[in-house]
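Here is the structure we will look at, set down as structure tokens.
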Amino acid sequence: MAKEAGKNRYQLFDPESDRKAQAQKLIQQQMLEALNNEEFELFYQPKVNLQSKAIIGMEALIRWRHPLKGIISPAEFLPHIQGHDLEVTFGNWVLKTAVNQMASWRLIGLDLQVSVNISARHLLYPGFHDKLMSLLTQYGDILPQRLELEILESAAIEDMEQAIVVVGDCRRLGVRFALDDFGTGYSSLSYLRRLPVDILKIDQSFVRDMLTDPDDMRIVEGVIQLASVFHKEVIAEGVETVAHGNLLERMGCHLAQGYGIAKPMPTEMVAEWCQDWNQRYMMFS
Ligand code: C2E
Ligand code: MG
Ligand code: MG
Ligand code: MG
């Protein structure tokens with residue numbers, strides 16, 4: 001016990017970790033300032049049905065439009081707030097911005113499903129359900145069924161019992177849930193049975209290599225079958241080419257997202273993209 005305390009105290013004065021902590025604090029400060037300066041925005045990436053070509057919806061993906069550095073991707077800044085309360089601050093901003101956008105699109109006749117990535121800390125933070133409920137009430141004209149929350153398989157496992165409760169509560173509001181990056185999180189089948197998600201998102205690492213790597217192809221096939229057994233929908237992410245799309249369709253996965261369909265785009269491009277897509281594919285519907 002005493003030894004442990006001594007160890008901790010030593011770590012407190014470790015110059016290396018102290019420097020790291022300082023740097024982390026600084027970035028967090030900059031991120032909070034940038035949030036207040038409205039430097040963050042959401043890009044949107046379409047999800048489509050490969051068979052019918054119908055647009056299913058859009059996934060919201062955060063970007064930092066830095067005044068000097070240009071557009072910064074989430075992989076560069078989200079890790080700095082992971083596990084901190086700031087993650088909840090950002091999460092709330094993302095959720096509100098996405099729901100607000102859904103309502104705006106609805107006003108111009110675009111009834112899109114919108115998916116929002118939710119961190120484990122945010123989902124399990126006290127009051128998440130109540131906040132979500134008041135957001136849905138505030139934007140009363142949107143359908144909760146059109147809002148989908150994407151949680152990482154690995155994140156949900158952190159506190160599985162709690163996740164099951166919160167996901168269940170939120171689904172009773174009508175909101176849908178997706179298990180993101182599915183296949184990378186080691187979740188057990190019994191868990192999959194208990195966690196009431198609506199859709200599995202096959203991780204892009206498997207999709208990307210499935211044309212050349214038989215193991216990855218079998219994993220993709222396996223997830224598609226798993227989804228079917230558990231009566232869940234399934235979507236493939238990272239669909240980069242027509243060949244990927246065709247193989248997925250043959251395997252029975254009809255929903256897809258990826259650069260081969262469209263890259264994430266700024267909000268103001270979404271309506272035009274939908275129009276173009278529909279003109280190209282939906283002439284007779
Ligand atoms: P994710 O939710 O799994 O999102 C998919 C990522 O793959 C996105 O990267 C997307 O731009 C990229 N992507 C989509 N299609 C393709 C493709 O065909 N090829 C390749 N190579 N990549 C593709 P992005 O936007 O950089 O986001 C990375 C991750 O950061 C996301 O992974 C998500 O976990 C996280 N993230 C993004 N925005 C948010 C947010 O608002 N909140 C939270 N909590 N996490 C977010
Ligand atoms: Mg996602
Ligand atoms: Mg993913
Ligand atoms: Mg991912």
Side-chain angles (χ1 to χ4, degrees), residues 31 34-35 39-48 50 56-65 70-102 113-125 128 132 147-156 158 176-185 197-211 216 220 223 234-245 247-248 255-267 269 273:
M31 281 180 66
L35 186 65
E39 289 174 23
F40 286 93
E41 62 183 74
L42 298 180
F43 274 33
Y44 290 89
Q45 187 182 32
K47 305 179 179 193
V48 302
L50 293 167
I56 305 304
M58 299 281 159
E59 176 176 5
L61 295 156
I62 194 170
R63 297 289 182 269
W64 184 352
R65 203 181 279 272
I71 291 177
I72 307 179
S73 68
E76 286 189 56
F77 57 81
L78 287 184
H80 295 292
I81 60 169
Q82 198 187 343
H84 295 263
D85 278 353
L86 209 49
E87 209 171 24
V88 178
T89 311
F90 271 80
N92 283 326
W93 178 83
V94 169
L95 200 51
K96 192 182 162 106
T97 306
V99 168
N100 181 58
Q101 189 57 54
M102 260 173 98
Q113 183 206 78
V114 173
S115 309
V116 178
N117 293 284
I118 301 288
S119 70
R121 189 178 187 82
H122 192 199
L123 180 79
L124 301 176
Y125 199 75
F128 178 82
L132 183 64
L147 179 64
E148 184 174 272
L149 304 183
E150 297 192 358
I151 54 176
L152 289 171
E153 189 194 5
S154 51
E158 253 174 56
R176 283 165 51 95
F177 276 86
L179 263 188
D180 206 349
D181 297 0
F182 190 80
T184 62
V197 298
D198 302 274
I199 180 164
L200 307 181
K201 287 193 89 172
I202 311 172
D203 189 63
Q204 52 179 288
S205 61
F206 306 122
V207 176
R208 195 193 309 122
D209 299 333
M210 69 180 182
L211 295 175
D216 282 329
V220 171
V223 176
V234 61
I235 182 167
E237 57 178 22
V239 177
E240 295 192 347
T241 67
V242 174
H244 286 92
L247 180 58
L248 284 163
L255 305 183
Q257 187 180 10
Y259 292 176
I261 297 152
K263 287 191 168 177
M265 62 189 88
T267 314
M269 283 177 61
W273 184 89

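We count ligands from 1, going down the list as the structure has it; atoms in each ligand are counted the same way. The shown structure was predicted, so the numbers you read here are calculated from the model rather than taken from an experiment.
Under 4.0 Å from ligand 1, not a single heavy atom of K263 appears. Contacts between D180 and ligand 1 below 4.0 angstrom, taking non-hydrogen atoms only, involve the side chain exclusively. Only the side chain of D181 comes within contact range of ligand 1, with a heavy atom under 4.0 Å; no backbone atom does. Using a 4.0 Å cut-off between heavy atoms, Q45 contacts ligand 1 through its side chain alone, with no backbone atom that close. Residue L152 does not touch ligand 1, judged by heavy-atom distances below 4.0 Å.
In this view, E150 and K47, K201 satisfy the salt bridge (charged side-chain N to carboxylate O under 4.0 Å, His left out) rule, not counting sequence neighbours. In this structure, the side chain to side chain donor-acceptor pair (under 3.5 Å) partners of R176, at least two apart in sequence or on a different chain, are E148, E233.
At distances below 3.5 Å, at least one donor-acceptor pair connects side-chain atoms of R121 with backbone N or O atoms of H84.
Distances from the Mg ion (ligand 2) to each N, O or S atom of E150 single out OE1 as the nearest. Looking only at N/O/S atoms, D180 comes nearest to the Mg ion (ligand 2) through OD2.
Taken to the nearest 0.5 Å, the CG atom of L35 stands 8.0 Å off from the OG1 atom of T89. H122 NE2 to I151 CD1: the interatomic distance, rounded to the nearest 0.5 Å, is 13.0 Å. Atom CG of D209 is separated from atom NE2 of H244 by 7.5 Å, given to the nearest 0.5 angstrom.
The heavy atom nearest to atom 6 (C) of ligand 1, considering only H122, Q204, E237, Q257, is found in Q204. Looking at P264, A262, A75, P74 and measuring to atom 28 (C) of ligand 1, the nearest heavy atom belongs to P74.
Under the 4.5 Å side-chain criterion, counting only non-hydrogen atoms from C-beta, Y259 is not in contact with T241. Here the side chains of I199 and L179 are not in contact, with every heavy-atom distance at 4.5 Å or above. E59 is not listed as a side-chain neighbour of Y44, based on a closest heavy-atom distance of 4.5 Å or more.
The distance from the Mg ion (ligand 2) to the nearest N/O/S atom of E59 is under 2.8 Å. Taking backbone and side-chain atoms together, N117 has an N/O/S atom less than 2.8 Å away from the Mg ion (ligand 2).
Rounded to 10°, the angle formed at the Mg ion (ligand 3) by OD1 of D181 and OE2 of E237 is 90°.
Under a 4.0 angstrom heavy-atom cut-off, E59 registers as being in contact with ligand 1. Contact analysis puts R63 in contact with ligand 1, with a non-hydrogen atom separation below 4.0 angstrom.
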- request: Decide yes or no on salt bridge (charged side-chain N to carboxylate O under 4.0 Å, His left out) for R208 and D216, but give the supporting numbers first.
  value: CA-CA 9 Å; R208 195 193 309 122; D216 282 329; over 6 Å; no
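Under the 3.5 Å distance criterion, with hydrogens and angles disregarded, no donor-acceptor pair is assigned to the side chains of Q82 and E87.
Of all atoms in ligand 1, listed by their number and element, those nearer than 4.0 Å to a heavy atom of E240 are 17 (C), 18 (O), 19 (N), 20 (C), 21 (N). Each of the atoms 16 (C), 17 (C), 18 (O) of ligand 1 lies under 4.0 Å from some heavy atom of G238. Close contacts between ligand 1 and V94 involve ligand atoms 41 (O) [criterion: under 4.0 Å to a heavy atom].
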